[in-house]
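Note that the numbering runs from 1 along the sequence shown for the chain.
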Amino acid sequence: MRNLHIRRAARTSVLGAAALIAALSLTACQGDSPEPADGAAGTTSQQPSDGASAAPVSDKGTDNTTDTGADGETAGKTTGGSGSTDSGSGTDKDSGSTGGKSGTKEGQENGDTGPVTRACDGGNSKVTITAVPRPVNHMLLTVTNTGSKACNAYYYPFLRFGEAQSAPQAYEESKPQAVVTLSPGESAYAGVMTSSADGSGTGGYSTKDLTVSFQGLEGSGSTGPTANVPLSKPVYVDSTLAVTYWQTEMDDALMY
């Protein structure tokens with residue numbers, strides 16, 4: 001019996017020790033449990049890291065938006081450039097249209113569609129002559145286009161004072177660079193030296209009759225009707241009688 005109690009006591013001790021060891025082991029396990037909790041926390045802290053890694057995707061999207069804006073701006077600039085080109089084209093058309101109208105209007109006024117070749121003459125022009133104080137023994141001949149179309153005052157006028165048998169000489173140095181064209185209402189001028197100031201001329205005479213003839217394009221003689229120019233008083237002429245080419249300005253006509 002005594003041995004039986006000893007065995008039971010020993011078994012009980014062994015069981016108690018085992019229970020104690022088990023309890024201690026459980027406590028140890030519970031003490032170690034915070035470490036897995038920390039690990040879980042660590043895992044949680046890594047999720048924002050994943051979120052940060054997603055941030056470049058958002059940035060990429062932002063970059064794409066920026067690029068699209070840049071492309072839009074470029075497209076806008078291209079469109080603007082196209083508009084400028086259209087504007088320039090319109091301006092050229094307007095300029096061409098204006099030039100055409102101007103040419104058409106001029107043609108209508110002159111009654112011609114090409115260059116003026118019509119000569120001024122006694123039928124479409126009026127001629128007058130007046131004495132001038134300077135130069136001495138000079139007169140100013142004026143021709144005015146009284147027609148409805150432009151005409152050219154070619155070369156110089158042929159003058160016939162009284163019963164003269166020939167036209168006076170012309171001052172060749174007075175020849176203009178271009179033919180004088182007269183639109184309706186415009187005038188041209190020629191200077192006339194009737195006699196020498198020093199009396200060196202010969203065959204002088206006085207007359208109240210003057211006939212003016214006009215030259216044509218070829219300059220080979222008179223063309224068209226002549227003009228009879230009345231003189232208010234007798235004019236003395238001699239062998240030095242001379243005339244200038246037709247000029248656009250009266251001052252130029254009186255330089256010789």
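Of all heavy-atom pairs between Phe158 and Ala167, the closest is CD2-CB, 4.1 Å. When every heavy atom of Thr248 is checked against every heavy atom of Tyr189, the shortest pair comes out as O-CE1, 3.6 Å. Nearest heavy atoms, Thr244 versus Tyr156: O-CB, 3.4 Å. The two residues Ala188 and Val180 make their nearest non-hydrogen contact at CB-CG1, 3.9 Å. Annotation for Asn124 and Arg118: closest pair ND2-CD, 4.1 Å, computed over non-hydrogen atoms. The shortest non-hydrogen separation linking Gly201 to Thr240 is CA-CG2, 3.8 Å.
How far OG of Ser206 is from NZ of Lys233: 11.0 Å, rounded to the nearest 0.5 Å. For the atom pair Leu210 CG and Leu231 CG, the distance stands at 5.5 Å (nearest 0.5 Å). Atom CZ of Arg160 sits about 13.5 Å away from atom CG of Leu241, to the nearest 0.5 Å. To the nearest 0.5 Å, the span separating CD on Gln215 from CG on Asp121 amounts to 13.0 Å. How far CD of Glu249 is from OG of Ser187: 11.0 Å, rounded to the nearest 0.5 Å. Separating the OG1 atom in Thr226 from the CG atom in Asn228 is a distance of 5.5 Å, to the nearest 0.5 Å.
In this structure the side chain of Val143 reaches within 4.5 angstrom of the side chain of Leu182, judged on heavy atoms. Using a 4.5 Å cut-off on side-chain heavy atoms (C-beta onward), Pro157 and Phe214 make no contact. Side chains of Tyr205 and Glu163 form no contact here, defined as non-hydrogen atoms less than 4.5 Å apart. Residues Pro135 and Met193 have side chains not in contact (no heavy-atom distance under 4.5 Å, counting atoms from C-beta outward). For the pair Met139/Val235, a side-chain contact is recorded, criterion being any heavy-atom separation below 4.5 Å from C-beta on. Looking at Val132 and Leu254, their side chains come closer than 4.5 Å, going by heavy atoms from C-beta outward. Side chains of Tyr154 and Leu217 form a contact here, defined as non-hydrogen atoms less than 4.5 Å apart. You'll find the side chain of Ser196 reaches within 4.5 Å of the side chain of Asp238, heavy atoms only.
When atom types are taken as modelled, the side chain of Asn152 and the backbone of Val116 share a donor-acceptor pair closer than 3.5 angstrom. With hydrogens and angles ignored, the 3.5 Å screen pairs a side-chain donor or acceptor of Asn145 with a backbone N or O of Lys149. Without hydrogens or angle criteria, Ser174 side chain to Tyr171 main chain gives a donor-acceptor distance under 3.5 Å. In this structure, His138 contributes its side chain and Met255 its backbone to no donor-acceptor pair below 3.5 Å.
Ser239 and Thr202 form a side-chain donor-acceptor contact under 3.5 Å, judged by distance and modelled atom types alone. Residues Glu172 and Tyr245 have side chains that bring a donor and an acceptor to within less than 3.5 angstrom of each other.
Tracing side-chain contacts under 4.5 Å through hydrophobic residues (I, L, V, M, F, W, Y), one reaches Tyr155 starting from Val179; they form part of the same cluster.
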Requested in this report: Please lay out, stage by stage, how Leu141 and Trp246 fare under the test side chain to side chain contact (heavy atoms under 4.5 Å, CB included).
Outcome: CA-CA 9 Å; Leu141 191 70; Trp246 291 114; 3.8 Å; yes
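Each of Asn137, Val243, Val237 was scored for a side chain to side chain contact (heavy atoms under 4.5 Å, CB included) with Val192, with one residue passing: Val243.
Within 6.0 Å of the CD atom in Glu218, the count of heavy atoms belonging to other residues, nucleotides or ligands does not exceed 12.
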